[in-house]
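Here the structure is laid out as structure tokens; the discussion comes afterwards.
Only this structure's heavy atoms are used, side chains among them; waters, hydrogens and symmetry mates stay out. All of these numbers come straight from a predicted model, not from anything done at the bench.
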Amino acid sequence: MSSEIMAAYWQAPPMARTLATAILVTSITAHFGLLPIDWIYFDESRLFKLPPEIWRLVTSFLFSSPQLGIVLDPYFTYQYLSQLETTTPKFQRKEDILWYLITVGGFIITVNRIFLGGGYFFLQGLIVALCYTAVQDARGAKANFFFFTVPAQLMPYCMLLWSLLLKPHVIPLQVTGILAAHWHDFMTRLWAEFGGGSSLLPTPAFLSRFVETPRVFRREYGTAIRPGPGAPSTGSTTGASTGSVLPDSWRTRGSGHRLGGD
């Protein structure tokens, strides 16, 4: 049973799986006092001290709401981010999704810290941004929001309504999430389609190098070398069996002679 659960876990979309797991682990340890909250909240002044605490740019998106939010926030994050990984045409590569998370997260932090007077954790804004982006291409589709069936494109606004009833203090943060997702859509898709230009927010090349498969990696049965871009294929391998224990170069030398013989 446990092996089946682990197999299903590793088969899940990798970025959605990783982010949801990070949120769950960080939230449980922080809410139960195992991880000091002072270590993970966002404070721009901590970014400029020595050494700079740059991890706060990430950990400020990993802290969920208390109680039921410890389960629901990772769930919604996984649900919508996995849609971006598997069904959204705009995100063809892992680095595109990583760049989306970086730019949308940066927008949410900037707007909240400069224009809304603060904010230390931003996960609620990111979840709504993911939801907004995931349902943009779902015109005419239906989605379930708890016990209700609604048009898929209304899901972000259903989240706002839910917050209005239970936790209205997070609504400004969630609105910045919608603004961030719409800004990203305009910069990467709408401008290119209707403005006649290219994307104003292209994915940097270094992210491609960051997420690509390593060229050399170890296996239990040998070492595999992945050719670089444009490298010609030689058709040879380093671990294939040819039915003989001798190297190919030895087997082309003829039958050989015994020392001292004819």
Side-chain angles (χ1 to χ4, degrees), residues 13-23 26 40-42 44 47 54-65 73-116 118-138 152-153 155-160 163 170-193 198-208 210-211:
M15 300 196 71
R17 175 189 70 213
T18 302
L19 182 57
T21 302
I23 292 171
T26 302
I40 61 175
Y41 73 88
F42 182 81
E44 60 271 8
L47 302 178
I54 58 176
W55 65 82
R56 295 178 183 271
L57 293 168
V58 177
T59 57
S60 57
F61 288 94
L62 302 181
F63 186 63
S64 72
S65 304
D73 288 351
Y75 168 77
F76 284 128
T77 301
Y78 174 81
Q79 178 182 1
Y80 296 120
L81 186 53
S82 63
Q83 289 184 35
L84 299 188
E85 283 193 77
T86 58
T87 63
T88 304
K90 187 169 71 171
F91 301 103
Q92 298 292 331
R93 305 171 300 169
K94 293 180 182 179
E95 53 265 39
D96 295 332
I97 297 179
L98 181 57
W99 184 235
Y100 169 87
L101 294 174
I102 293 173
T103 53
V104 167
F107 185 98
I108 292 173
I109 290 177
T110 301
V111 172
N112 277 274
R113 298 295 292 185
I114 295 179
F115 299 105
L116 296 182
Y120 298 102
F121 297 103
F122 309 103
L123 178 58
Q124 302 302 316
L126 179 62
I127 291 175
V128 176
L130 291 170
C131 178
Y132 182 92
T133 303
V135 302
Q136 282 306 294
D137 297 324
Q153 290 191 311
M155 286 294 293
Y157 307 102
C158 290
M159 289 184 170
L160 292 179
S163 297
V170 305
I171 290 180
L173 175 58
Q174 291 178 319
V175 171
T176 63
I178 294 178
L179 293 176
H182 184 74
W183 167 78
H184 183 275
D185 192 47
F186 173 80
M187 298 290 284
T188 58
R189 184 177 66 89
L190 295 179
W191 174 258
E193 291 183 1
S198 58
S199 171
L200 298 178
L201 204 63
T203 302
F206 75 88
L207 288 182
S208 299
F210 178 76
V211 302

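Nearest heavy-atom pair across M155 and C131 is CB-SG, 3.5 Å. When every heavy atom of L57 is checked against every heavy atom of F42, the shortest pair comes out as CD2-CE1, 3.5 Å. For M159 against Q174, the heavy-atom pair with the smallest separation is O-OE1, 4.0 Å. Shown here for S199 and T188, the closest heavy-atom pair between the two residues is OG-CA, 3.5 Å. Closest heavy-atom contact between S82 and A16: N-CB, 3.6 Å. Closest approach of A129 to G177, counting heavy atoms only: CB-O, 3.3 Å.
Here the straight-line distance linking atom OG1 of T133 with atom CD of Q83 works out to 11.0 Å at 0.5 Å rounding. Considering CG of L116 and OG1 of T110, their distance stands at 11.5 Å, rounded to 0.5 Å. Once rounded to the nearest 0.5 Å, the distance linking CD1 of I127 with CD of Q124 reads 5.0 Å. Here CG of L101 is found 11.0 Å from CG of D96. Values are rounded to the nearest 0.5 Å. Here CZ of F107 is found 9.5 Å from CG of N112. Values are rounded to the nearest 0.5 Å. How far CG of L62 is from CG of L19: 6.5 Å, rounded to the nearest 0.5 Å.
Here the side chains of L126 and T77 are not in contact, with every heavy-atom distance at 4.5 Å or above. Within the 4.5 Å cutoff, no side-chain heavy atoms of P13 are placed close to those of L81. Using a 4.5 Å cut-off on side-chain heavy atoms (C-beta onward), T176 and F122 make no contact.
Evaluation of the side chain to side chain donor-acceptor pair (under 3.5 Å) rule for S208 yields E95 as partners, not counting sequence neighbours. For Y75, there are no side chain to side chain donor-acceptor pair (under 3.5 Å) partners two or more places apart in sequence or in a different chain. Partners of Q79 by side chain to side chain donor-acceptor pair (under 3.5 Å), not counting sequence neighbours: none found. F63 pairs by the ring pair (Phe, Tyr, Trp, His ring centres under 6.0 Å) definition with H31, F121, not counting sequence neighbours. In this structure F115 satisfies the side chain to side chain contact (heavy atoms under 4.5 Å, CB included) test together with V111, sequence neighbours excluded.
Here the side chain of W191 pairs no donor or acceptor atom with the backbone of L201 at under 3.5 angstrom. Of the possible polar contacts, none joining the W99 side chain to the P204 backbone as a donor-acceptor pair under 3.5 Å is found.
With a 6.0 Å cutoff to the six-membered ring centre and a 45° limit on the axis angle, R17 does not count as a cation-pi contact of Y78. Under the 6.0 Å distance and 45° angle rule, R56 does not count as a cation-pi partner of F61.
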Using side-chain contact (heavy atoms from CB on, under 4.5 Å), reason through L130 and L84 one step at a time and then give a plain yes or no. CA-CA 8 Å; L130 291 170; L84 299 188; 3.8 Å; yes
When you look at L173 and V128, which way does the side-chain contact (heavy atoms from CB on, under 4.5 Å) test go after all the steps? CA-CA 9 Å; L173 175 58; V128 176; over 6 Å; no
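Applying side chain to side chain contact (heavy atoms under 4.5 Å, CB included) to T26 and the options V58, L123, I40 leaves one that passes, I40.
No side-chain donor-acceptor contact under 3.5 Å links H184 and Y100.
Applying the salt bridge (Lys or Arg N to Asp or Glu O under 4.0 Å) rule to pairs touching residues 181-191 yields K90-D185, D185-R189, R189-E193, sequence neighbours excluded.
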